[in-house]
Amino acid sequence: MVHSSGAWMVASGHAHPTTVLSNADLVARVPGVEEGWIDRVLGIATRRVLLPSESLVELAVTALDDALERAGWESESVDAVICGTSFVDDLLPATASLISAARCAGAVAFDVHAACASSLYALTVAHALMVTDDRLDRVAVCTAERPTGWADYEDRESSIFWGDSAACILLAREQISGSFELVGSRLINDNEFASKVRVRPGGTFHHDGRYSYQQVMKLSEQCADEVLGEAGLTGADVRAFVGHQSNLRLLADLGDRLCVPWERQWHNVEWAGNQGAAGVATAFSAGWAANRDALVDGDHVLLAAVGGGYSGSATLLRWRE
């Protein structure tokens with residue numbers, strides 16, 4: 001557990017590609033996909049995808065610029081760029097280094113890879129570093145994911161849910177009016193059957209969908225309950241919940257387990273698809289922007305995500321005026 005000390009979430013930004021991949025497109029392209037099946041089973045209608053000619057780093061820079069504008073920061077004032085990512089364009093250099101080169105070349109920059117939990121793992125790492133290193137006053141926690149570049153569109157189980165996106169969360173040592181306090185975080189792993197989610201060198205994404213669903217449910221519930229328990233709260237106490245944007249049915253089931261009503265979930269999977277680690281970050285960023293004026297001092301927001309490995313994570317935030 002990492003407890004709040006010296007880091008505040010002051011702004012966020014997000015970016016989605018403009019190209020829409022519809023269910024009708026997938027029915028025509030992917031073997032074994034029937035009309036209406038994706039809507040009925042996953043609750044996903046569309047997803048946003050990068051074209052081969054488009055850059056994941058440029059999408060991430062757009063999200064960073066969005067966050068910087070909301071915070072009123074100059075890009076040169078950022079001391080570190082930490083990027084949570086697993087579906088990258090280039091294995092080297094770190095995606096964070098390329099983002100940093102575009103806007104804040106002198107910043108410390110590195111990636112955190114925990115599959116679809118990478119964004120919350122990166123947030124936890126950034127928070128811990130700010131607690132221990134007083135030179136890091138402003139940190140950009142980016143998430144950039146291009147899972148469509150690693151999808152096998154000959155395999156229904158490994159391709160129909162993916163969408164691409166990027167997000168950025170800005171952390172500052174100094175609190176400003178209208179910011180989130182990081183109350184605590186929990187990281188947990190169940191690595192016994194890590195190879196059930198795999199991308200081999202030069203290969204494409206493949207997973208055991210049924211087992212992955214069970215692990216996302218189990219680990220999300222476990223780490224969320226633990227981080228809430230540390231704060232003396234339950235799911236019924238949170239103002240909003242943002243889960244791993246895997247599919248709509250999973251989010252509804254997870255909300256039931258955590259006692260969070262559906263109307264208190266911030267989500268975008270139905271139109272943006274499963275964006276890997278970026279889903280929880282883009283849904284949070286958009287939810288924050290849409291609900292900012294309705295937030296009341298002391299409101300709690302819970303984030304949770306699970307990635308292959310399997311890596312579970314949860315982060316609890318408290319709104320402060």
Side-chain angles (χ1 to χ4, degrees), residues 1-15 60-82 84 99 103-104 107-108 119-120 122-143 166-185 227-228 230-233 237-242 260 263-268 280-304 314-321:
M1 170 71 70
V2 176
H3 293 280
S4 177
S5 175
W8 296 83
M9 187 182 293
V10 300
S12 67
H14 54 282
V61 171
T62 299
L64 171 61
D65 287 344
D66 185 22
L68 290 171
E69 182 177 357
R70 293 174 190 273
W73 290 5
E74 296 295 330
S75 59
E76 295 81 5
S77 70
V78 175
D79 301 308
V81 176
I82 301 174
I99 297 169
R103 287 294 181 269
C104 36
V108 173
S119 54
L120 297 189
L123 185 62
T124 302
V125 169
H127 185 195
L129 283 175
M130 294 183 73
V131 170
T132 58
D133 188 343
D134 59 11
R135 296 169 298 175
L136 301 180
D137 291 323
R138 292 181 171 184
V139 175
V141 181
C142 298
T143 309
C168 179
I169 294 171
L170 298 180
L171 300 182
R173 185 176 305 282
E174 183 177 353
Q175 181 187 11
I176 66 170
S177 177
S179 56
F180 279 108
E181 174 188 9
L182 281 78
V183 178
S185 63
V227 78
L228 286 169
E230 286 279 345
L233 303 172
D237 298 315
V238 302
R239 170 67 174 79
F241 170 64
V242 191
V260 180
E263 59 270 19
R264 284 199 267 130
Q265 286 205 40
W266 294 350
H267 52 89
N268 60 16
V280 66
T282 61
F284 166 73
S285 179
W288 184 0
N291 294 278
R292 184 183 185 94
D293 292 341
L295 292 172
V296 176
D297 189 68
D299 278 348
H300 289 88
V301 175
L302 174 66
L303 315 178
T315 299
L316 182 64
L317 310 174
R318 182 186 294 120
W319 181 249
R320 288 302 193 195
E321 294 293 349

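Basis for what follows: all heavy atoms, side chains included, without hydrogens, waters or symmetry-related copies.
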Just how far is it from atom [atom1] of [X] to atom [atom2] of [Y], taken to the nearest 0.5 Å?
{"X": "F180", "Y": "T315", "atom1": "CZ", "atom2": "OG1", "answer": "12.0 Å"}
{"X": "T62", "Y": "I99", "atom1": "OG1", "atom2": "CD1", "answer": "10.5 Å"}
{"X": "H127", "Y": "M9", "atom1": "NE2", "atom2": "CE", "answer": "9.5 Å"}
{"X": "H300", "Y": "R318", "atom1": "NE2", "atom2": "CZ", "answer": "3.5 Å"}
{"X": "L136", "Y": "R138", "atom1": "CG", "atom2": "CZ", "answer": "13.0 Å"}
{"X": "D79", "Y": "L129", "atom1": "CG", "atom2": "CG", "answer": "12.0 Å"}

Whether the side chain of [X] engages the backbone of [Y] through a donor-acceptor N/O pair (distance < 3.5 Å, no angle test) should be reported.
{"X": "D299", "Y": "W319", "answer": "no"}
{"X": "R239", "Y": "V296", "answer": "no"}
{"X": "R103", "Y": "D65", "answer": "no"}

Closest heavy-atom contact between [X] and [Y]?
{"X": "A140", "Y": "L64", "result": "CB-CD1, 4.0 Å"}
{"X": "A289", "Y": "R70", "result": "CB-NH1, 3.9 Å"}
{"X": "A281", "Y": "A167", "result": "CB-CB, 3.5 Å"}
{"X": "L170", "Y": "A67", "result": "CD1-O, 3.4 Å"}
{"X": "S119", "Y": "V141", "result": "O-CG1, 4.3 Å"}
{"X": "V260", "Y": "F241", "result": "CG1-CB, 3.8 Å"}

Side chain proximity check, [X] to [Y], heavy atoms < 4.5 angstrom:
{"X": "L302", "Y": "L233", "result": "no"}
{"X": "L171", "Y": "L123", "result": "yes"}
{"X": "L182", "Y": "L317", "result": "yes"}

Inset, instruction - Could you walk me through whether V78 and L68 pass the side-chain contact (heavy atoms from CB on, under 4.5 Å) test, one step at a time? - result: CA-CA 9 Å; V78 175; L68 290 171; 4.0 Å; yes
Inset, instruction - Evaluate the criterion side-chain contact (heavy atoms from CB on, under 4.5 Å) for residue pair L120 and S185; output intermediate values, then yes/no. - result: CA-CA 9 Å; L120 297 189; S185 63; over 6 Å; no
Inset, instruction - Applying side-chain contact (heavy atoms from CB on, under 4.5 Å), run through I169 and F284 and close with a yes or a no. - result: CA-CA 10 Å; I169 294 171; F284 166 73; 4.1 Å; yes
Legend entry - side-chain contact (heavy atoms from CB on, under 4.5 Å) partner of H14, the single match among T143, N268, D66: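 Of the listed residues T143, N268, D66, the side-chain contact (heavy atoms from CB on, under 4.5 Å) partner of H14 is D66.
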Inset, instruction - Identify which one of E174, R173, M130, R320 satisfies the side-chain contact (heavy atoms from CB on, under 4.5 Å) criterion when paired with W8. - result: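 When side-chain contact (heavy atoms from CB on, under 4.5 Å) is applied between W8 and each of E174, R173, M130, R320, only R320 qualifies.
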Legend entry - Neighbour count >12 (heavy atoms, 6.0 Å) for atom CD, E69: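 No - once you tally the heavy atoms of other residues, nucleotides and ligands closer than 6.0 Å, there are 12 at most.
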